[in-house]
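The block underneath contains the structure these notes are about, expressed in structure tokens.
What you see below is based on every heavy atom in this structure, not just the backbone, and it leaves out hydrogens, waters and symmetry mates. Since this is a predicted model, take the numbers as computed values, not measurements. Chain identifiers are assigned alphabetically (A, B, ...) following the order of the sequence lines, protein sequences preceding nucleic acid strands; residue numbering begins at 1 within each chain.
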Number of protein chains: 2
Amino acid sequence: MKKAPTLEDVAREAGVSTASVSRYLNMPDLVRPLRKEKIEAAIAALGYVPHGAARALASQRTHTIGAVIPTFDNAIFARGVQSFQRRLHADSFTLLLASFDYDLEDEVRQVDALLTRGVDALLLVGCMHSPKIYERLDKKGLPYVHTWAFDRSGAKPCVGFDNRLAARRAASYLIDIGHSAVAMIAGITGGNDRASERAAGVREALEERGLALLPEYYIEKPYDVSEGRSAMRQLLAQDVPPTAVICGNDVLALGALLECQARGVSVPRDISITGFDDLPLTSHLQPSLTTLHVPAGEMGRRAAEYLLARLGDVPMPDSTELEVGLIVRGTTAPPGRQK
Amino acid sequence: MKKAPTLEDVAREAGVSTASVSRYLNMPDLVRPLRKEKIEAAIAALGYVPHGAARALASQRTHTIGAVIPTFDNAIFARGVQSFQRRLHADSFTLLLASFDYDLEDEVRQVDALLTRGVDALLLVGCMHSPKIYERLDKKGLPYVHTWAFDRSGAKPCVGFDNRLAARRAASYLIDIGHSAVAMIAGITGGNDRASERAAGVREALEERGLALLPEYYIEKPYDVSEGRSAMRQLLAQDVPPTAVICGNDVLALGALLECQARGVSVPRDISITGFDDLPLTSHLQPSLTTLHVPAGEMGRRAAEYLLARLGDVPMPDSTELEVGLIVRGTTAPPGRQK
DNA sequence: CTGTTAGCGCCTTCAA
DNA sequence: TTGAAGGCGCTAACAG
């Protein structure tokens, strides 16, 4: 393992001071063209690559932004993160990604790890986090942003959407087309404000219309197709099955739909199903899935822009609410079509 | 932004030397229990968090490992990366993730970025990369590993599987059960050795059995459900449609299956379909998808163990080949069942 | 086991 | 515009 060339080596090779090379690297405009060329030549000749840690130590800036997400294993996070990273990269920032498997205590550890790595800013998923996280962040005065949720109080910087409102939209739609026996297959709500807000939204919407979300019509399941299936099986086995099922995400909805098909229950004739996320796959299903479109890509991009702006002291509103539109497709229809 | 407490502050607070605090942090066993407690108290009192860049600069080790993947937006990479990260984390290493959107030139840039960040080791996807990458890596003597592929020459460190062999397995199976009109919907093979090896495997297997992969039976498509659909549409429109279609991945296979269903083509009665990856979803489809099981989780874990071993100077073979098993499910059957 | 001390590679005043 | 020089926070000999 040969020793890598340092900035000092470059300076010597180019016959200039280290300060000039440093300037060339960071503020090229302050260096005269002639010197510039010499430095460029030296860098190329030596194959010099800047040493990030040294740079970070000296400048107290890492040009790195962290994101702490529940899991990589979820298409919808993947999409958002992908565009978050793309946007950061455009400003030559690097993304440091960590996941915590929905374990809120582990999330604290992951945040600590990222702070140790010296991230300049942080993206968080959801608005519900251990107070310890805010403590650490605020203590360092580190910019951060919440995503995949929206805090109406305005107390927290958010680039996201209102999960409750979106879920209400799905529920209202079903009620509007005539459903009253509405069930919900929710994601696990413990420690997950996206999931719990969605559940709350459905409950609210029903109650406002004089309906109720019956206990036997409410099931929580982990994010997995087979869990969606088993939940639907449970619902179908009841004396009076629901005529519509709102799912907390598309994966559960897909499971629910597949279960119906496996049992010869016709969708949407016998039962309506809605999802949440609008995964690319859902529009191709037969019937195609009625769902809520989450603008994950835009959210990732905007979250990046918010953090970049904060780091650059560019003014920018602390909250950006994005729309979650209901995409009505083939899995929903008025009830009572049973002959 | 208050100045964060440093190791020196901790030392002062605890009434010991900075060296002791450093030792406590890195080799706790070398510190006497009494001092240990004092130091722990001081750390807690001050809310001290180590400064990663300083540590990296002084120790020439970042405890960070990079992974450069084609895209986040693919469930199968997500799974592998998730377990890679989990394993790294168990040894308190951090994962630095970058993606390059299947642009081989961008991959070079991403590798450079990671090198600047000072990763201690690197995970690469596939065995086909710009020579520049190997140049940089070898120059620094940085440990790296190839995944999602397997190099029989043994020249490259790999933890992966033989894509060609796996694809052959699927083709052979179809021939064995009587198919001779076999088509393939491959992923884009340009700059992607996983996709091209799979295509090559299918071609080989057919030719060995005296069959051929007809040009009109070979279609390349991007990773997307709708692309799989359009490819299948194209295949179905031919004068003599194939009786079996091998897909380069499950997403294309899913699209192919959905297209058949949308057009009333019965699977597997009229046509057989196979996938590649074994996404969780595929076993729930109706019919369930015959596919090749890629052990992404195990691969990620083992790749991490390989790199960790190299960093710790623990001996470990440079190549680990994993099995890709054919999972025969409902989308395949002998041909000619058409009445 | 513990303290002293010299860097790690770069940035950033400060003067010139 | 440029160069000189003092750290940034921590680790790793080395001496004790």
Please state whether the rings of A:Phe93 and A:His63 are parallel, tilted or perpendicular, taking 30° and 60° as the class boundaries. parallel
Interatomic distance, [X] [atom1] vs [N] [atom2] [rounded to whole Å]:
{"X": "B:Arg23", "N": "D:dA12", "atom1": "CZ", "atom2": "P", "value": "11 Å"}
{"X": "B:Arg61", "N": "D:dC10", "atom1": "CZ", "atom2": "C1'", "value": "16 Å"}
{"X": "A:Arg117", "N": "D:dG9", "atom1": "CZ", "atom2": "C1'", "value": "15 Å"}
{"X": "A:Met27", "N": "D:dG3", "atom1": "CE", "atom2": "C1'", "value": "14 Å"}
{"X": "B:Leu57", "N": "D:dG7", "atom1": "CG", "atom2": "P", "value": "16 Å"}
{"X": "A:Tyr24", "N": "D:dT2", "atom1": "OH", "atom2": "C1'", "value": "17 Å"}
{"X": "B:Arg55", "N": "C:dG9", "atom1": "CZ", "atom2": "P", "value": "18 Å"}
{"X": "B:Leu25", "N": "D:dG9", "atom1": "CG", "atom2": "P", "value": "15 Å"}

May I ask you to say what [X] touches in the nucleic acid, namely base, sugar-phosphate or nothing, with a heavy-atom cut-off under 4.0 Å?
{"X": "A:Tyr48", "answer": "sugar-phosphate"}
{"X": "B:Arg35", "answer": "sugar-phosphate"}
{"X": "B:Val21", "answer": "nothing"}

Please compare B:Ala58 and B:Ser20 by the position of their nearest nucleotide in DNA chain C and report the one closer to 5'.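 Between the two, 5'-proximity favours B:Ser20.
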Looking at C:dG9, I'd like to know if its phosphate oxygens (OP1 or OP2) sit under 4.0 Å from a side-chain N or O belonging to B:Gln60. yes
Would one find a side-chain N or O of B:Ser22 under 4.0 angstrom from OP1 or OP2 of D:dT11? yes
Charged N to carboxylate O under 4.0 angstrom, B:Glu305 versus B:Arg301?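 Result for this pair is yes, salt bridge flagged.
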Salt-bridge present (B:Glu135, B:Lys139; N to O < 4.0 Å):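 B:Lys139 and B:Glu135: not salt-bridged.
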Determine, stepwise, if the pair B:Leu95 / A:Leu97 fulfils side-chain contact (heavy atoms from CB on, under 4.5 Å). CA-CA 7 Å; B:Leu95 169 65; A:Leu97 202 52; over 6 Å; no
